Structure formats: structure tokens, C-alpha cells
Amino acid sequence: MPDFKLHCFALSGNAYKAALFFALAGIEWESIFVDYLGGETRTEQWRETINEQGEAPVLEHGETKISQSGVILDYLSEVTGRFGAQTAEERREIMRWILFDNHKFTSYYATLRFIYGLQKSGETPVVEFLRLRAKAAYAIVDGHLADRAFMVGDRLTIADLSLAGYVFMPEETGIDHSAYPAIAAWKDRISNMPGWRHPYDLMPGPTSL
Ligand SMILES: N[C@@H](CCC(=O)N[C@@H](CS)C(=O)NCC(=O)O)C(=O)O
């Protein structure tokens with residue numbers, strides 16, 4: 001029985017960040033399917049017993065139970081010794097990109113992808129706003145990656161894993177990804193690593209609404 005249990009579902013790029021950590025580290029883990037589309041995370045019982053914040057992913061490891069993908073990634077790097085910082089400066093730099101990812105890069109893109117790509121909203125002012133914000137975040141990450149292979153240092157860290165949450169999701173967002181060649185090259189570097197698997201292949205549950 002694996003030590004690590006991850007409450008997750010296939011459509012969740014936030015959960016993929018942790019699932020990808022396990023895949024690339026070659027660490028056994030168990031998935032616990034979250035019926036997000038069925039409303040499980042909104043039930044009182046789920047919030048009382050799994051996560052009061054009402055969000056997936058949630059990691060269980062022995063007595064430890066934590067949510068927030070950035071905290072989960074930080075915890076996993078600490079307890080496994082993989083993909084973490086080697087210096088205090090790197091630790092700050094990793095945290096800086098994880099916070100940027102949570103606030104901007106993942107947040108706007110994931111919401112755009114959900115509304116436009118999965119719910120098929122069509123063009124609306126909200127979609128237009130989210131796309132503009134997502135493109136601005138993509139441009140910043142693309143600029144950072146223009147002259148380096150990974151976000152921090154010269155190797156894959158949890159900063160990359162955080163930003164990689166939604167970039168392999170296949171849904172249409174109306175964003176022209178050819179405008180971000182450094183992100184495309186970084187994605188190739190990650191997907192060519194031993195152990196890499198697509199989110200829909202790594203986590204349980206439906207892959208459409
Ligand atoms: N900042 C959180 C975001 C988690 C998140 O938004 N998860 C989605 C699923 S991918 C969720 O459970 N959303 C529930 C909601 O917003 O009500 C993280 O990085 O873990």
C-alpha cells in the first residue's frame with residue numbers, strides 16, 4: 001500500500017501538479033477519486049472530513065493531511081528530497097513562482113479552460129477578460145524561460161511542476177500557443193522526462209463534462 005494518497009480527479013490540473021511529482025520521481029501513490037463534477041467538494045461532509053477549503057487536491061501521508069498544491073509540492077520535496085531548493089535563494093525563487101502560478105498563471109488559464117474549453121461558453125466578456133489575463137501570465141513565463149531550461153536553477157523543481165499543472169490539458173482556450181515558444185520547448189523537456197504521463201492517463205475520472 002503506497003504511503004501517499006492524493007485526492008484528485010483527471011480534469012484537475014492542480015491535482016496533476018502533485019501527481020506529476022510522483023510520476024517523475026518514480027514514487028508509488030494512491031489516487032482517491034474526488035467526484036468534483038458531482039458536487040462532492042461542496043458537501044458538508046467532504047469539507048468537514050477532507051478539506052474545509054472545499055478544494056482538490058488533498059494529500060494524505062500518515063497523519064499529515066494538506067491541501068493547496070503549492071504546499072503539497074513543498075511538503076513532497078521536503079519529505080522525499082526531490083525537486084526542491086538547494087539554497088535559501090532558490091527556495092525564495094521557487095516560492096515566488098509558485099505564488100505567481102497560483103494567482104495568475106494557473107488561476108486565469110484554468111478558469112478560462114473550464115468555462116470556454118469544457119463548458120463551451122462561447123465568447124463572452126468574462127472569457128475575453130480571462131484570456132487576456134492568461135495570455136499576460138503566459139508571456140511572463142515565456143520570457144523567463146527564453147534563456148533557461150527550467151524556472152529556477154538548471155533542473156526541474158517544484159516551481160516547474162506547479163506551472164505545469166494545466167499546460168498539458170488538451171481543451172481549446174482560444175489562445176495561440178505558438179506565441180509562446182519557450183513554454184513549448186519547456187513542455188517538451190518535461191514530457192520527455194522518464195516517468196512523464198499525461199494528466200488524463202495519470203488520474204481517475206471523466207475527461208469531459
Ligand atoms: N490554489 C489551489 C486551487 C485548487 C483548486 O481550485 N482546485 C479546484 C479543482 S482543480 C477546486 O477544487 N475548486 C473548487 C472550487 O473552486 O469551489 C491549489 O493550488 O490547490
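Whatever order the structure lists ligands and atoms in, that order sets their numbers, starting from 1. As a basis for the values below, the full set of heavy atoms in this structure was taken, side chains included, without hydrogen atoms, waters or symmetry mates. None of the values given here were measured: they were computed from a predicted structure.
Atoms of ligand 1 found under 4.0 Å from any heavy atom of G54, numbered from 1 in the order shown, are 12 (O), 14 (C). Annotation for ligand 1: atoms under 4.0 Å from non-hydrogen atoms of F9 are 9 (C). Heavy-atom proximity to P57, at under 4.0 Å, picks out these atoms of ligand 1: 20 (O).
In terms of the side-chain hydrogen bond (donor to acceptor under 3.5 Å, both in side chains) criterion, R82 has no residue partners (sequence neighbours excluded). Qualifying side-chain hydrogen bond (donor to acceptor under 3.5 Å, both in side chains) partners for R42, counting only residues two or more places apart in sequence or in other chains: none.
Ionic pairing of E89 and R92 is not present here: no N-O contact between side-chain nitrogen and carboxylate oxygen is shorter than 4.0 angstrom. Between E123 and R131 there is a salt bridge, with a side-chain nitrogen of the basic residue lying less than 4.0 Å from a carboxylate oxygen of the acidic one.
With hydrophobic clusters built from ILVMFWY side chains whose heavy atoms lie under 4.5 angstrom apart, Y138 shares a cluster with V127.
The aromatic rings of F4 and H61 sit parallel, their planes meeting at an angle under 30°, below the 60° perpendicular limit.
When only non-hydrogen protein atoms are considered, atom 10 (S) of ligand 1 lies nearest to S12 OG, 3.1 Å. Of the protein's non-hydrogen atoms, the one nearest atom 8 (C) of ligand 1 is A56 O, 3.7 Å. Regarding atom 11 (C) of ligand 1, its nearest protein heavy-atom neighbour is Y36 CE1, 3.7 Å. The protein non-hydrogen atom at the shortest distance from atom 20 (O) of ligand 1 is S69 N, 2.9 Å. The protein non-hydrogen atom at the shortest distance from atom 1 (N) of ligand 1 is Q68 OE1, 2.8 Å.
Looking at Y166 against ligand 1, only its side chain comes within 4.0 Å, counting heavy atoms.
In this structure, W46 has its ring center no closer than 6.0 Å to that of Y36.
Under the 4.0 angstrom criterion, atom 16 (O) of ligand 1 counts as lacking any protein heavy-atom contact.
For ligand 1, the polar-atom distance check finds an N/O of N102 within less than 3.5 Å of one of the ligand's N/O atoms.
Atoms CD1 and CG, on I66 and L76 in that order, are 7.0 Å from each other to the nearest 0.5 Å.
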